[in-house]
Amino acid sequence: MKVFTITTSKRTQFIPLDSYIEQFIQETGRKNGIVCVYVPHTTAGITINENADPDVLYDIEKTLDTLIPWNGNYKHAEGNSPAHVKASLMGSSVQIIIQNGKLVLGTWQSVFFCEFDGPRTRKFYVEVIPTQ
Amino acid sequence: MKVFTITTSKRTQFIPLDSYIEQFIQETGRKNGIVCVYVPHTTAGITINENADPDVLYDIEKTLDTLIPWNGNYKHAEGNSPAHVKASLMGSSVQIIIQNGKLVLGTWQSVFFCEFDGPRTRKFYVEVIPTQ
Amino acid sequence: MKVFTITTSKRTQFIPLDSYIEQFIQETGRKNGIVCVYVPHTTAGITINENADPDVLYDIEKTLDTLIPWNGNYKHAEGNSPAHVKASLMGSSVQIIIQNGKLVLGTWQSVFFCEFDGPRTRKFYVEVIPTQ
């Protein structure tokens with residue numbers, strides 16, 4: 001397992017992780033398997049979506065903000081309950097198949113760290129499970 | 001890893017994948033492990049839900065359409081941002097335990113490919129990770 | 001794989017599973033790998049979120065109820081369609097990395113069984129995939 005650290009600069013931010021993940025896969029020397037990318041936070045998540053037109057990420061951010069408004073009627077005193085809800089909606093990990101030492105992502109796909117309560121220093125974990 | 005191709009016929013459509021997945025598990029000869037089913041698209045997802053009463057899938061589709069209306073105020077020029085949001089909400093992969101060469105799904109569960117921007121030709125990937 | 005049984009006491013309830021999962025990991029004797037925790041139901045899910053302030057779980061429950069009201073206009077005659085939608089939004093499994101025989105959860109994280117149509121007797125499955 002490897003721990004990566006990233007720094008976010010906005011309350012909500014989607015940061016592509018593909019290059020970090022591929023670097024780790026190369027370090028392991030594994031050619032085939034599954035990689036698990038895990039976010040150990042409760043106000044950040046992880047998702048796979050389009051990395052071509054940045055308007056896609058903008059629309060995802062705005063849609064989540066419309067559904068789960070920051071200034072709603074929440075009980076949690078810290079004031080960041082919307083970030084907790086969004087974290088559970090996106091999920092804490094993604095699994096991607098590795099073939100010949102490469103992630104088999106779709107043409108338009110990238111893995112994104114989803115910051116929902118930044119800016120902060122954040123971590124994510126990467127582990128490879130071999131299939132043979 | 002095996003690549004499967006399916007064709008969808010509507011904008012939103014849930015297609016059961018259990019028989020494809022079980023076919024692949026049999027081909028691998030693996031008796032115990034985890035199967036990972038992965039969707040390499042950004043306007044389609046994958047989920048596990050009820051395959052008995054089709055009204056359940058109808059209600060899931062309609063609820064998502066109510067929350068994330070197709071004709072909303074989106075920036076992405078291609079016009080399919082709701083499909084991108086729904087893809088991230090459902091997720092890009094499912095993991096299911098294999099015992100004695102069979103998926104250990106619950107009584108009412110099936111795995112569904114979630115088309116959110118069809119009709120299209122789509123792919124999904126299946127890989128088995130052995131536990132022993 | 002091990003099957004655990006739990007009993008829920010309310011329609012919506014988040015039950016921490018960490019101690020069950022860690023017990024199973026110890027039984028396997030595995031030191032490194034990935035654990036898969038799987039919910040075989042279609043009106044219950046699983047998520048990872050904060051286990052410090054119970055108001056966080058309260059806010060997640062209420063936000064989901066606001067987005068997907070129990071008394072909406074649903075077609076499924078059993079009347080529990082909101083529970084099916086919430087199950088797909090949370091997901092059917094989580095994957096967590098194991099190091100030195102321990103779950104590497106974040107400081108504030110716990111794994112929660114998400115009951116959305118209780119009270120009921122429920123099951124969840126736990127399986128460990130070794131990385132070496």
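Throughout, a chain's letter reflects where its sequence line sits, starting with A, and its residues are numbered from 1. Atom set for the values below is all heavy atoms of this structure, side chains included, hydrogens, waters and symmetry mates excluded.
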Whatever's closer than 4.5 Å to a heavy atom in chain A on Leu89(C) counts as both

Table up the donor-acceptor pairs between chain C and chain A that sit under 3.5 Å, atom names plus distance.
from: Thr47(C); atom 1: OG1; to: Ser88(A); atom 2: OG; distance (Å): 2.8
from: Asn49(C); atom 1: OD1; to: His84(A); atom 2: ND1; distance (Å): 3.0
from: Asn49(C); atom 1: ND2; to: His84(A); atom 2: O; distance (Å): 2.9
from: Asn49(C); atom 1: ND2; to: Ser88(A); atom 2: OG; distance (Å): 2.8
from: Glu50(C); atom 1: OE1; to: His84(A); atom 2: NE2; distance (Å): 3.4
from: Asp53(C); atom 1: OD2; to: His76(A); atom 2: ND1; distance (Å): 2.7
from: Asp59(C); atom 1: OD1; to: Lys75(A); atom 2: N; distance (Å): 2.8
from: Asp59(C); atom 1: OD2; to: Lys75(A); atom 2: N; distance (Å): 3.1
from: Asp59(C); atom 1: OD2; to: His76(A); atom 2: N; distance (Å): 2.8
from: Asp59(C); atom 1: OD2; to: Ser81(A); atom 2: OG; distance (Å): 2.5
from: Gln109(C); atom 1: OE1; to: Tyr38(A); atom 2: OH; distance (Å): 2.8
from: Gln109(C); atom 1: NE2; to: Val39(A); atom 2: O; distance (Å): 3.0
from: Gln109(C); atom 1: NE2; to: His41(A); atom 2: O; distance (Å): 3.1

The side chain to side chain contact (heavy atoms under 4.5 Å, CB included) partners of Ile98(A) (sequence neighbours excluded) come to Ile25(A), Val35(A), Val128(A)

When rounded to the nearest 0.5 Å, the distance separating SG of Cys36(A) from CD1 of Ile97(C) is 4.5 Å

Quick note, salt bridge (charged side-chain N to carboxylate O under 4.0 Å, His left out) partners involving residues 32-42 of chain C, not counting sequence neighbours, are none

Worksheet item: Do Val37(A) and Phe124(A) touch side chain to side chain, with heavy atoms closer than 4.5 Å?
Response: yes

Applying a strict 4.5 Å limit to non-hydrogen atoms, the region of Ile60(C) in contact with chain A is both

Is there side-chain contact between Leu64(C) and Phe116(C), with heavy atoms separated by less than 4.5 Å? yes

Rounded to the nearest 0.5 Å, the CD1 atom of Ile96(C) sits from the CG atom of Leu103(C) at a distance of 5.0 Å

### Query
Is the Phe14(A) ring parallel, tilted or perpendicular to the Phe112(A) ring (thresholds 30°, 60°)?
perpendicular

Chain A shares the most heavy-atom pairs under 4.5 Å, among Val56(C), Val94(C), Leu57(C), with Val56(C)

